[in-house]
Structure formats: structure tokens, C-alpha cells
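Notes follow once the structure below has been shown.
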Number of protein chains: 2
Amino acid sequence: MNQENSMGIGVLSERTGCKVGTIRYYEQIGLLPDPPRSEGGHRIYSLEHLKRLTFIRRGRELGFTLDEIRTLLGLVDGGSYTCGEVKALTLEHLQEIHKKITDLKRLEESLTAIAAECEGGAASKCPIVDALFKSR
Amino acid sequence: MNQENSMGIGVLSERTGCKVGTIRYYEQIGLLPDPPRSEGGHRIYSLEHLKRLTFIRRGRELGFTLDEIRTLLGLVDGGSYTCGEVKALTLEHLQEIHKKITDLKRLEESLTAIAAECEGGAASKCPIVDALFKSR
DNA sequence: GCTACAACCTGTAGTCACTACAGGTTCAAG
DNA sequence: CTTGAACCTGTAGTGACTACAGGTTGTAGC
């Protein structure tokens, strides 16, 4: 591992912020290609792997599922992807995020309203508990 | 199952909007008490079960985890819970929800910014893909 | 060359909150 | 007494990892 463009799994992990176990998991599910091995069986990664794993991590940070990332990588690997295809996937994903935000906001609102009823004292009759026993 | 305050799992399911499999799951993990059985082994639920399952469902709708609901039910079962305890749990939960919303909004913002760079045409060089290959 | 020990290896099981199935039994209506 | 819906149990699968056990390899210092 003395060349600068080749590294073990620990270094790849550090450079991408992706845990060792997770890297092996990505390999197992076919997201990261099987790297060559040393004589003893240790994985040896190249800069290509680093690039690809960075893509995956960044995609995860942006909330894409592994399946969406797989699709995205498939397009990139094909070489003939278009900007339109990628943008469509992204916009679809943005909609999902937006829906989640809306749902959570509604949740926050309901719960805030319920909690506001409650004085939080030592009383053993609580409006929050009452609310939970009632269906909408 | 002819009495109005006693019912099979199917009716309980309908009345709570909770799937049959889910009800059995809640029993398995000790959230819903084991109901008595008919001679043939069918579960027979009372209004107490209905009340408790409603509590659980409503809690889930409000985003509480099953563990949080277990704690809440523990307080209620103890009989000597105070409003303060319940409110504390609720506020803690509200904070988590708030954090999720904040995180998702940041995500939405980043992704929107990235997507705005992209014209979505037939080009095979896409700024979204470029962004994914770069770590923050 | 030898010794330590960190880093690596594989395989398996656990997480959360369900859902879905297979293969069998019971209940209630007609 | 027959039919068929509703019920039963147990198991496996979901997503995206994480954690462990028990073993092997790589490397730095002596």
C-alpha cells in the first residue's frame, strides 16, 4: 500500500467518511465493484473506487436511497446518460423530500397543540394522555 | 362474538385501522396484553384492548416510537404518572421532529440548488452528476 | 528472524416497525 | 353438514446499515 493511488479499506474509510462495514456492505450488494486483493486477501482500492464511493456517500447525504443511487450510477456507467434523465430522478426525489417535510410539519403542529393543553404539573390527569386515548 | 363489548381480531382491526398482522405483532412484543382465547384458539378482545390499541395507534400517528409508547403506557399503567412526566416525553419527541424538519429543509435546499444548475437537456455532461462526484 | 499488535478477513445476527406468505384450523351462515 | 371467510402459527423479507465472534495478515520495532 505504498503507492498514493492505492489504499486499504481503512484509508478508503477515512477518506470518504464511510465506515469499513458499510464499504463491505456496498460491495456485497453490488454497488461498489469487487476490488482486487492482496495475496493475503486484503482489499486494495484505487482512486476509481474512491471516486465511486464518494458519489454514493454524497448521494446518501442528499437523501437518495441506495436503489436511486444504483440507478444513477447505472446511467453514469452506461456513459450515454442525459442531463434530462438525471434531473427527472432528482426532481422526483425532491418531491418525496417535500412530502416528508409537509407530513412532519403537520405532525409538529398537532403535537404542539396537544402539548399546549398540558400544564405539566404533578396532576395525574393529563390532556396529552387523554388525547392519545382518542382516535382522530 | 355476539356481545358488543367483545370482538375478534378482524373487528378490532377495522375499528382501529390497525392491520391484523400488526395487532399480533404488538402482542408478540408485549405492547398489547395477551387476550383470552376461544376454545378453538381465536383471540377475543374487550373494550379495554380497543382503548389500548387506539392509544398505541394514535401515538404512532403522532410519530412516537413503539419504545416511547411503551414508556407512556408504563406511566399510565402505573396509575401514578404525572402530567409533568408525560409532557417531558412529548417535548423531547417534539424536538426530534423539529430536528428532522430542519435536516430535511437543508437537504431540500442543497438539492434544489444543485438541480437549478441543470438544464435537463440531452447533454451528457450533467452538473448534478458532477456535484455527486464531489465531497462537501 | 521474531514478536506484538493493529488492521484486516468472513459470516452471522441484530436493529425498527412492520408486511407477506405458506400451510393448516376454526367459526358461522345457510 | 357443507362451504368459505376468518382465524391460527411460524418464518422470512424490507432498508441501510451496525456489531460481534473468532480467525488471519501486514508491518514496525528489536
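Computed from a prediction, not measured in an experiment: that's the story for all the values here. Throughout, a chain's letter reflects where its sequence line sits, starting with A, and its residues are numbered from 1.
- Following rounding to the nearest Å, I44(A) (CD1) and dC8(C) (C1') show an atom-to-atom distance of 12 Å.
- At a threshold of 4.5 Å between non-hydrogen side-chain atoms, the residues I97(B) and K105(A) do not count as touching.
- Atom NE2 of H93(B) and atom OG1 of T90(B) lie 8.0 Å apart (nearest 0.5 Å).
- If G10(B) and G41(A) are placed on DNA chain D by their nearest nucleotide, the residue sitting closer to the 5' end is G10(B).
- Across the protein-nucleic acid pair, F64(A) atom CZ and dC17(D) atom C1' stand 20 Å apart, rounded to whole Å.
- Candidate nucleotides dC9(C), dA17(C), dT18(D) were compared by shortest atom distance to the side chain of I9(A), and dC9(C) ranks first.
- Nearest-nucleotide assignment on DNA chain C puts the 5′-proximal partner with D67(B), out of E39(B) and D67(B).
- Expressed to the nearest 0.5 Å, how far OH of Y26(A) lies from NE2 of H49(A) amounts to 15.0 Å.
- Between the C1' atom of dC7(D) and the NZ atom of K19(B) lies a distance of 17 Å, rounded to the nearest Å.
- Classification of D103(B) and K100(A) as a salt-bridged pair fails, no side-chain N sitting under 4.0 Å from a carboxylate O.
- Y26(B) has its OH atom 11 Å from the C1' atom of dC16(C), to the nearest Å.
- In this structure, R24(B) reaches the bases: a heavy-atom distance under 4.0 Å links it to at least one base atom across the strands shown.
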